[in-house]
Amino acid sequence: MQAGQAQEEDRADQGTEPVQGKGESNAKPKDPKQKKRDKELSNSVEESIKYWHGEDKVPESLDQTKEVLTEVMGLGASFDVVFREMTFGGTKAALLFISGFAKDVILDEILKRLTYLTPEDISSDAFAAFMINYIPHIQVEKSEKLSDAVIKTMSGMSALFVEGEAQVIIMDTRSYPVRGPEEPSIERVVRGARDGFTETLLSNIALVRRRLRDPGLKFELHQVGRRTKTDVSIAYIDDIADKTQVKAVTEKIKSVNIEGIPLADKQLEEAIIGEKWNPYPMVRYSERPDIVASHLLEGRVVVFVDTSPSVMVIPTTFFDLCQHAEENRQTPLMGSYLRWVRFAGIFASIFLLPLWMLFVMHPELKPAPLMFIGPHETAKIPLLVQFLIIEFGVDLLRMAAVHTPSPLGSAMGLIAAILIGDIAVQTGLFVNEVVLYMAVATIGMFATPSYELGLANRVIRLLLLLATGLFHVAGFVIGSTLLIVLLTVNRSYNSSYLWPFIPFNAKAMGAILFRQSVLSSKTRPSFNKTRDNTRMSPAAGKKDKS
């Protein structure tokens, strides 16, 4: 056995491999390039180019460039990677692009212009002639790094290599597959804008630019992921946002060192926030450009991630996650009413079931007006087990609704409501009030504007049910106290999660409880530590008083 292993190692060292069914004397030599490919373990484009080329520079020879790109980009193996070699004015050149991203009309115009060149037109400096005079395109840049050309080509741009030049011309000719802006399914409004973010970064930025024509609005571009090179943009208004906070978010994103974020914003959030087992969201997700524009005017930092139709708003608070755009589309009175109804639904989604079970187990705690609360008939299953079964059943129903085609959704609802709920009560497995209160709590969860907050409240309700069912009054009190402590110690980028309740700010708390009119909101939220805290100029304030 050891002798056989030694022979195999000798063959590997000599670059040969045995042919199956033949003796060792008939071993065929192994391709040196294939052997080198098998040994490559590059984690990034830069490492791969250095492995095959020795340095991250553009080769002067097109043949050498093609050879490197064959190994790095799979040129010749991937059908959508195109390396078009041509001659313009007696100078050899090659155009590198991804066929699925390239905008044919732009490339045709560029190539048509270059084909008219004569050797006299580019007799002195071919690269400078191409770059300055003869490429009829707006977004053009040059680079001396081959990794820049490969990365930007993979993102949809086109790279023009010129024979004898150690530089490359990079042209933004990309055209991504994109759907039109549609109203977000989670943040729907009765009245208001119907456009929402898409999976294309440039389109999302344009939707915000359309609403904020402030020259101070900045969009910084970064790339995250050694392999995915996902475009990430940090947006803020320069003269409003806290520069310390902007710097902290930027440095955190730059320090992310993972192979990629194919699942976009959620993976980036986990990488920069670092909250592992905290159920509550530390950022706010939104798919509405108008909501994002409002947060930018408040001094927040917004993070866009390419391929994601939602953006992250940093920092955020618990009460931010409880507000909805619909409240600001109505009068202050109706907006305040809708906000209170929403708050009541969120409160019910957390505390209604634990409180009801506590009153059932300890009737002496019930106030006189609530003496009617409690089951008049017993069921075959204990109350706590009934709640747990229905909790998991509702979660299962919710997940089934996500994966069920729309035409079958109503049929599934009928099955859940009639065949399961009604028959379970009639057979004595469940109590009527358990099903009723569970339905009210579920409606409260669905009324929560933030999907992530609704799921977190659901987990907290389940833990409160277990604590109340096992330890009765002490379990409910201690569980509720721990919930408040958890929300208090939470920090969203060094900002209090329960602001303006903790630390208490009476004026800001009033603005949370009652929807203020536009002219009444003269200052920005103080917890953002904005550089400019005033919404209205002093001249406008004097004019209003007069």
J.: If you compare all heavy atoms of D239 against all heavy atoms of R531, which two are closest, and at what distance to 0.1 Å?
T.: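 Smallest heavy-atom distance, with atoms named: O-CB, 3.8 Å.
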J.: Heavy atoms only: give me the nearest D195-P184 pair and the separation to one decimal.
T.: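 Shortest heavy-atom separation between D195 and P184 comes out as O-CD, 4.4 Å.
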J.: Are any side-chain N or O atoms of S336 and backbone N or O atoms of R515, one a donor and one an acceptor, separated by less than 3.5 Å?
T.: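 Yes; judged by distance alone, with no hydrogens or angles, the pair exists.
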J.: Could you measure the distance from the CE atom of M171 to the CZ atom of R174? Nearest 0.5 Å is fine.
T.: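 One gets 13.0 Å once the value is rounded to the nearest 0.5 Å.
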J.: For a 4.5 angstrom cut-off between non-hydrogen side-chain atoms, does F197 reach V292?
T.: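 SC-SC contact between F197 and V292 confirmed.
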J.: Is there a side-chain contact between S495 and N528 (heavy atoms, below 4.5 Å)?
T.: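 S495 does not reach N528 side chain to side chain.
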J.: Would you check if the side chain of Q516 reaches a backbone N or O of F514 as a donor-acceptor pair within less than 3.5 Å?
T.: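 Yes; judged by distance alone, with no hydrogens or angles, the pair exists.
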J.: Under a 3.5 Å cutoff, is there a donor and acceptor pairing between the side chains of Q330 and Y337?
T.: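 There is no such pair between these side chains.
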J.: Please examine the side chains of Y285 and I186, heavy atoms only from C-beta on, and report whether any two atoms are closer than 4.5 Å.
T.: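 No, too far: nothing below the 4.5 Å cut-off.
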J.: How many angstroms lie between atom CZ of F304 and atom CD of E220, to the nearest 0.5 angstrom?
T.: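 F304 atom CZ to E220 atom CD measures 13.0 Å (nearest 0.5 Å).
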J.: Closest heavy-atom contact between G299 and I240?
T.: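 Between these two residues, the closest heavy atoms are CA-CG2, 3.6 Å.
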J.: Any side-chain heavy atom of K103 sitting closer than 4.5 Å to one from S158?
T.: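 No; the side chains remain at least 4.5 Å from each other.
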J.: Taking atom CE of M361 as the centre, does the number of heavy atoms from other residues, nucleotides or ligands within less than 6.0 Å exceed 12?
T.: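 Yes, because the 6.0 Å sphere around CE of M361 holds more than 12 heavy atoms from other groups.
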J.: Atom OG of S233 and atom CD of Q223: how far apart are they, to the nearest 0.5 Å?
T.: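 Going from the OG atom of S233 to the CD atom of Q223 covers 12.0 Å.
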J.: Would you say R524's side chain and D532's backbone share a donor-acceptor pair under 3.5 angstrom?
T.: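 Pair found, side chain donor or acceptor close to backbone of D532.
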J.: Looking at F101 and S155, what are the two nearest heavy atoms and their distance?
T.: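 Smallest interatomic distance, heavy atoms only, reads CD1-C, 4.1 Å.
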J.: Starting from the C-alpha separation in whole Å, work towards a yes-or-no answer on side-chain contact (heavy atoms from CB on, under 4.5 Å) for V305 and T230.
T.: CA-CA 7 Å; V305 183; T230 306; 3.9 Å; yes
J.: CG/L455 to CE/M445 distance, rounded to the nearest 0.5 angstrom?
T.: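 These two atoms lie 6.5 Å from each other.
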J.: Calculate, to the nearest 0.5 Å, the distance between atoms CZ and CG belonging to F318 and L453 respectively.
T.: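 Spacing of CZ (F318) from CG (L453) equals 5.0 Å.
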J.: Between M282 and Y497, is any pair of side-chain heavy atoms under 4.5 Å apart?
T.: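 When only atoms from C-beta onward are counted, Y497 and M282 do touch, with a gap below 4.5 Å.
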J.: For the backbone of A447 and the side chain of R342, can you confirm whether one donor and one acceptor N or O come within less than 3.5 Å of each other?
T.: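 Side chain of R342 to backbone of A447, a donor-acceptor pair under 3.5 Å: yes, one is there.
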J.: Determine, step by step, whether L201 and I205 satisfy the side-chain contact (heavy atoms from CB on, under 4.5 Å) criterion, reporting the C-alpha distance in whole Å, the side-chain angles of both residues, the deciding distance to 0.1 Å, and the verdict.
T.: CA-CA 6 Å; L201 179 65; I205 291 176; 4.0 Å; yes
J.: Can you measure from CH2 (W340) to CG (L513) and round to the nearest 0.5 angstrom?
T.: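 Spacing of CH2 (W340) from CG (L513) equals 5.0 Å.
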J.: Mark yes when over 12 heavy atoms from residues, nucleotides or ligands other than R213 sit less than 6.0 Å from its CZ; otherwise mark no.
T.: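 No.
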J.: What are the two closest non-hydrogen atoms of S203 and T198, and how far apart are they?
T.: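 So the minimum-distance heavy-atom pair works out to CB-OG1, 3.8 Å.
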J.: If we only count heavy atoms from C-beta on, is the V249 to K252 side-chain gap below 4.5 Å?
T.: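 No; the side chains remain at least 4.5 Å from each other.
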J.: Flag the pair E251 and K254 as a salt bridge only when some basic side-chain nitrogen lies within less than 4.0 angstrom of an acidic carboxylate oxygen.
T.: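 Salt bridge between E251 and K254, a charged N being under 4.0 Å from a carboxylate O: no.
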J.: Quick one: do L483 and Y280 satisfy side-chain contact (heavy atoms from CB on, under 4.5 Å)? Show the steps, please.
T.: CA-CA 11 Å; L483 171 61; Y280 283 96; 3.5 Å; yes
J.: Has Q386 got a side-chain atom pairing as donor or acceptor with V435's backbone, closer than 3.5 angstrom?
T.: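 No, Q386 side chain to V435 backbone: no donor-acceptor pair under 3.5 Å.
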J.: Taking the side chain as C-beta and beyond, is there a heavy-atom pair between I237 and L212 under 4.5 Å?
T.: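 Yes - at least one pair of side-chain heavy atoms lies under 4.5 Å apart.
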J.: Apply the salt bridge (Lys or Arg N to Asp or Glu O under 4.0 Å) test between D290 and each candidate in R210, R211, R329; give the one that qualifies.
T.: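 The option that passes is R329.
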J.: May I have the step-by-step check of side-chain hydrogen bond (donor to acceptor under 3.5 Å, both in side chains) for S517 and S520, ending in yes or no?
T.: CA-CA 5 Å; S517 64; S520 299; 2.8 Å; yes
J.: Look only at the side chain of R458 and the backbone of E391, and say whether a donor-acceptor pair between them is shorter than 3.5 Å.
T.: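 Yes; at least one donor-acceptor contact below 3.5 Å.
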J.: Flag the pair E298 and R535 as a salt bridge only when some basic side-chain nitrogen lies within less than 4.0 angstrom of an acidic carboxylate oxygen.
T.: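 Salt bridge: yes.
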J.: Quick one, R284 and S450 - any side-chain contact, counting heavy atoms below 4.5 Å?
T.: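 Result no, sub-4.5 Å side-chain heavy-atom pair not found.
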J.: According to side chain to side chain donor-acceptor pair (under 3.5 Å), who are the partners of E187, at least two apart in sequence or on a separate chain?
T.: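 By the side chain to side chain donor-acceptor pair (under 3.5 Å) rule, E187 matches S286.
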J.: Short question: side chain of R288, backbone of A193 - any donor-acceptor pair under 3.5 Å?
T.: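 Yes; at least one donor-acceptor contact below 3.5 Å.
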J.: Assess the residue pair R209 and F219 against the criterion (side-chain contact (heavy atoms from CB on, under 4.5 Å)); give the C-alpha distance rounded to whole Å, side-chain angles, the decisive distance to 0.1 Å, and a yes or no.
T.: CA-CA 10 Å; R209 283 280 190 193; F219 290 94; 3.4 Å; yes
J.: Any side-chain donor paired with an acceptor under 3.5 Å for N490 and S492?
T.: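 There is no such pair (donor and acceptor under 3.5 Å, judged by atom type) between the side chains of N490 and S492.
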J.: Testing F351, F359, W356 for ring-ring contact (aromatic ring centres under 6.0 Å, His included) with Y437, which one passes?
T.: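 The option that passes is W356.
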J.: Write down the atom of L353, the atom of M438, and the distance for their closest heavy-atom approach.
T.: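 For L353 versus M438, the nearest heavy atoms are CD1-SD, 3.3 Å.
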